[in-house]
Amino acid sequence: DQQVKQNSPSLSVQEGRISILNCDYTNSMFDYFLWYKKYPAEGPTFLISISSIKDKNEDGRFTVFLNKSAKHLSLHIVPSQPGDSAVYFCAALKSSGDKLTFGTGTRLAVRP
Amino acid sequence: DAGITQSPRHKVTETGTPVTLRCHQTENHRYMYWYRQDPGHGLRLIHYSYGVKDTDKGEVSDGYSVSRSKTEDFLLTLESATSSQTSVYFCAITTGFYGYTFGSGTRLTVV
């Protein structure tokens with residue numbers, strides 16, 4: 001049972017445009033969400049996070065939006081750069097003491 | 001870099017043989033995790049540890065065992081490797097506010 005889902009396995013975007021990566025979750029007990037970025041032959045690295053008490057968190061070109069009623073979060077990258085080409089995983093957990101549950105990942109390709 | 005290393009980086013082994021992967025951390029973190037990454041499945045938790053000799057199962061623990069005799073080392077053993085265990089394995093430690101830091105991974109091929 002996949003509690004965190006990324007329904008788009010891949011996304012291709014032109015350099016300079018916006019990239020939007022989506023993530024849905026089913027467990028209403030999740031209250032903290034993270035995005036990780038993974039390059040080939042490397043481990044995932046933390047990108048940005050958001051608590052369920054917020055609906056938006058911004059860090060430079062990266063913004064995460066959370067819609068709790070829809071159990072949906074999205075990562076916006078503006079403007080997209082070729083170096084952003086990677087696999088992006090969303091992850092969720094219950095802050096009461098839990099392990100991260102990851103989505104299936106979305107491969108982003110930013111075309112020059 | 002949180003000082004987490006995995007070894008080996010690559011391994012090819014035959015079906016039915018035991019295999020041990022090692023995760024080593026240098027910063028005395030209490031929690032350590034083993035994940036596997038497979039296309040279409042993302043990252044799935046195999047086992048985790050919350051201290052020396054304290055371990056527990058994740059969602060895909062069948063066919064795997066772990067040991068943690070020292071804070072710095074977390075070992076993952078495939079007791080009798082099968083082709084379905086061909087995967088990329090990542091070790092992680094808890095760092096920061098709910099975040100994990102991952103190692104660089106071990107690519108395991110079972111032939």
Side-chain angles (χ1 to χ4, degrees), chain A residues 1-10 21-27 29-54 57 59 64 66 86-108, chain B residues 1-10 21 23-25 29-51 54-61 66 74 87-109:
Chain A
D1 179 27
Q2 192 78 31
Q3 296 187 68
V4 180
K5 302 177 185 178
Q6 295 174 256
N7 292 318
S8 297
S10 63
L21 294 85
N22 294 303
C23 179
D24 298 293
Y25 61 97
T26 58
N27 190 336
M29 298 298 292
F30 288 142
D31 56 6
Y32 200 78
F33 305 90
L34 305 90
W35 284 93
Y36 282 80
K37 177 179 181 178
K38 185 186 177 305
Y39 291 120
E42 295 183 9
T45 56
F46 170 75
L47 186 59
I48 192 169
S49 62
I50 189 167
S51 165
S52 61
I53 63 173
K54 295 186 173 183
N57 188 29
D59 184 2
V64 56
L66 175 62
V87 177
Y88 290 80
F89 293 99
C90 68
L93 67 87
K94 293 167 274 186
S95 57
S96 57
D98 198 5
K99 288 78 62 190
L100 282 177
T101 298
F102 286 86
T104 51
T106 296
R107 183 177 300 278
L108 173 65
Chain B
D1 185 352
I4 179 170
T5 56
Q6 292 183 233
S7 59
R9 290 298 310 274
H10 302 273
L21 310 182
C23 177
H24 179 79
Q25 55 133 336
H29 291 282
R30 180 180 172 192
Y31 288 86
M32 300 184 75
Y33 309 84
W34 277 106
Y35 282 84
R36 59 178 288 176
Q37 184 200 356
D38 304 287
H41 292 279
L43 292 157
R44 292 179 293 174
L45 182 65
I46 306 171
H47 280 280
Y48 64 100
S49 170
Y50 42 97
D54 289 325
T55 64
D56 207 347
K57 296 179 179 180
E59 61 179 306
V60 290
S61 59
V66 289
F74 192 31
S87 186
V88 182
Y89 292 85
F90 290 100
C91 175
I93 55 177
T94 302
T95 56
F97 187 58
Y98 298 131
Y100 288 9
T101 297
F102 285 85
S104 298
T106 295
R107 181 173 294 277
L108 177 69
T109 302

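Computed from a prediction, not measured in an experiment: that's the story for all the values here.
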### Query
In chain order, what residues pass the side chain to side chain contact (heavy atoms under 4.5 Å, CB included) check against D56(B), with sequence neighbours excluded?
Y48(B), Y50(B)
### Summary
From the list F33(A), Y36(A), Y25(A), ring-ring contact (aromatic ring centres under 6.0 Å, His included) partner of F102(A) resolves to Y36(A)
### Query
K37(A) and side-chain contact (heavy atoms from CB on, under 4.5 Å): which partner among I48(A), V87(A), T45(A)?
T45(A)
### Query
Is it the backbone or the side chain of Y35(B) that comes under 4.5 Å from a heavy atom of chain A, or both, or neither?
side chain
### Task
Below 4.5 Å from any heavy atom of chain A, which atoms of R9(B) appear? Answer side chain, backbone, both or neither.
side chain
### Task
Kindly give the heavy-atom pair with the smallest separation between W34(B) and C23(B), and that separation in Å.
CZ2-CB, 3.5 Å
#### Entry: Shortest non-hydrogen contact between L100(A) and A91(A), atoms and distance
CD2-CB, 4.1 Å
### Task
Could you tell me which portion of P9(A) (side chain, backbone, both or neither) has an atom closer than 4.5 angstrom to a non-hydrogen atom of chain B?
neither
### Message
When you measure from the side chain of Q25(B) to the backbone of F74(B), do you find a donor-acceptor pair of N or O atoms at a distance under 3.5 Å?
### Response
no
### Query
Say you draw a straight line from NE2 of H24(B) to CD1 of I93(B); how long is it, rounded to the nearest 0.5 Å?
10.5 Å
#### Entry: Residues of residues 37-44 of chain B near chain A, each having a heavy atom less than 4.5 Å away
Q37(B), G40(B), H41(B), G42(B), L43(B)
